[in-house]
Every structure is written in structure tokens, then in C-alpha cells.
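Taking it in order: structure first as C-alpha cells, then the write-up.
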Amino acid sequence: MTPEELQAARDRVVPDVLAGGLRVLFCGINPSLMSAATGHHFAHPGNRFWPVLHRSGFTPKRLRPAEQGELPEFGLGITNVVARATARADELSTKEYVEGGRALEAKVRRAGPRWLAVVGVTAYRAAFGERRARIGPQERTVGGARVWVLPNPSGLNAHWTVETMADEYARLRAAVEQETPR
């Protein structure tokens with residue numbers, strides 16, 4: 001992918017991976033330029049979402065971004081807090097996060113997943129005004145779904161390794177599996 005192709009993807013929207021009856025809707029901050037250029041969520045080679053999703057037991061094999069359409073077969077989906085693609089999350093405004101949180105709540109209400117898993121505590125705090133939120137299950141619900149905040153799988157998030165992220169994602173998976181289906 002050339003730098004020009006990536007820049008041409010700025011502000012594009014990557015379609016959600018949604019279906020009815022999802023167990024977990026994963027919610028990124030916003031699409032990267034690579035995701036927007038390819039049309040696939042978490043497409044940047046340094047992003048660890050796909051290996052973490054597999055290692056945590058959510059998927060029986062490690063999916064590639066181009067295989068995101070298989071997620072609903074496992075009761076999973078993907079969306080974003082802010083729909084537009086940027087090179088970095090710090091290009092997003094507070095207003096975009098808040099508006100994105102409102103849109104996300106409406107989307108969750110329509111789609112009806114049991115859990116909303118926001119990948120990035122900073123995005124969750126900004127979108128929902130929960131300044132003290134931490135990684136893990138949250139008290140509030142969003143659009144009727146229980147909420148779990150997960151570490152951001154970006155390669156820039158050096159505080160978390162693939163292994164420690166997989167452990168946290170596996171905690172969510174265990175909670176989902178213990179829950180009685182609606």
C-alpha cells in the first residue's frame with residue numbers, strides 16, 4: 001500500500017460487521033487508514049486484535065482481517081466509536097467521541113448484542129463520560145448490552161503484550177459463556 005493510497009483513505013468509513021443475536025460486539029476507537037483502505041477492521045499489520053481474539057478462545061482459528069465476515073458465525077461483530085478513518089486516534093475531537101457514543105448506544109439497541117466490548121479505555125471514557133473507568137466489566141449498560149472495556153490491541157499500546165491482552169479477552173469470554181442466553 002502506497003502512502004498516497006493510505007492518505008486517500010482518510011475519513012472513509014469501514015462497514016460494521018453486524019448480525020442479530022451476537023454474543024459480543026467489539027468496538028474499536030476508529031478505523032486506521034489501513035483499515036479504511038482495505039475495508040477490513042484492525043487491518044494494520046501491527047494491530048494485535050486478530051491474534052488476541054484467537055488466543056483468548058473467541059475463535060477456533062486465527063482469522064485474517066479479510067475473514068472478518070466469519071465473525072457472526074462465532075456470535076461476534078465489530079464496530080467503532082467514531083466511524084471515520086484517521087492516521088491516529090488523537091486526531092479525533094471530544095465532540096466526535098461523545099457523538100460516537102450516542103450513535104453506538106443506538107446501534108447496540110438496534111442490533112441487540114449481549115455484550116459490548118470497547119477496545120480502549122480512553123475511548124470508552126471519552127465516549128461515555130466515565131472518567132474513572134478501568135479495564136474490565138463496567139457497571140453501566142449501553143443500549144441494553146453489558147459493557148466490558150478491553151485493552152486497545154494497537155501495536156502502539158506497549159503496556160499490554162499479546163499474552164496479557166489474551167488473558168483479559170479470555171476473562172470476557174468466560175463471563176459471556178457463564179451467562180444464560182437471552
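- Partners of Y124 according to the ring pair (Phe, Tyr, Trp, His ring centres under 6.0 Å) rule, which considers only residues two or more places apart in sequence or in another chain, are F128.
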> Should V176 and R114 be marked as a side-chain contact (heavy atoms from CB on, under 4.5 Å) after you check the CA-CA gap, both sets of side-chain angles, and the distance that decides it?
Replying inline: CA-CA 8 Å; V176 170; R114 293 189 353 233; 3.7 Å; yes
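- From Y97, atom OH reaches atom CZ of R102 across 15.5 Å, with rounding to the nearest 0.5 Å.
- In this structure the side chain of R23 reaches within 4.5 angstrom of the side chain of L76, judged on heavy atoms.
- The side chain to side chain donor-acceptor pair (under 3.5 Å) contacts involving residues 8-22 comprise Q7-R10, R10-E91, D11-R84, D16-T79, D16-K107, where partners must be two or more places apart or lie in separate chains.
- We find the NE2-CG distance between H41 and N47 to be 12.0 Å, quoted to the nearest 0.5 Å.
- The CG atom of N157 sits 6.0 Å away from the CE atom of M165 when rounded to the nearest 0.5 Å.
- Looking at heavy atoms from C-beta onward, H40 lies out of side-chain contact with E67 at the 4.5 angstrom threshold.
- Contacts classified as salt bridge (Lys or Arg N to Asp or Glu O under 4.0 Å) and involving residues 148-168 (residues at least two apart or in different chains) are given here: R55-E163, E168-R171.
- Sorted by first and then second residue, the salt bridge (Lys or Arg N to Asp or Glu O under 4.0 Å) pairs with a member in residues 123-138 read E130-R140; sequence neighbours excluded.
- Annotation: the span from I78 atom CD1 to L25 atom CG amounts to 8.5 Å, rounded to 0.5 Å.
- For F26, the ring pair (Phe, Tyr, Trp, His ring centres under 6.0 Å) partners are F49, F58, not counting sequence neighbours.
- Atom CZ of R173 is separated from atom CG of L53 by 10.5 Å, given to the nearest 0.5 angstrom.
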>> Show, in sequence, the C-alpha distance, side-chain angles and deciding distance for L116 and C27, and conclude whether the side-chain contact (heavy atoms from CB on, under 4.5 Å) test is met.
In response: CA-CA 7 Å; L116 174 66; C27 180; 3.9 Å; yes
> Would I29 and V81 count as a side-chain contact (heavy atoms from CB on, under 4.5 Å) if you check the C-alpha gap in whole Å, the side-chain angles of each, and the deciding distance to 0.1 Å?
Replying inline: CA-CA 5 Å; I29 298 169; V81 174; 5.6 Å; no
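- In this structure, CG in D90 is found 11.5 Å from OG1 in T122, a value given to the nearest 0.5 Å.
- Legend: ring-ring contact (aromatic ring centres under 6.0 Å, His included) pairs involving residues 138-161, not counting sequence neighbours, sorted by first then second residue: W115-W148.
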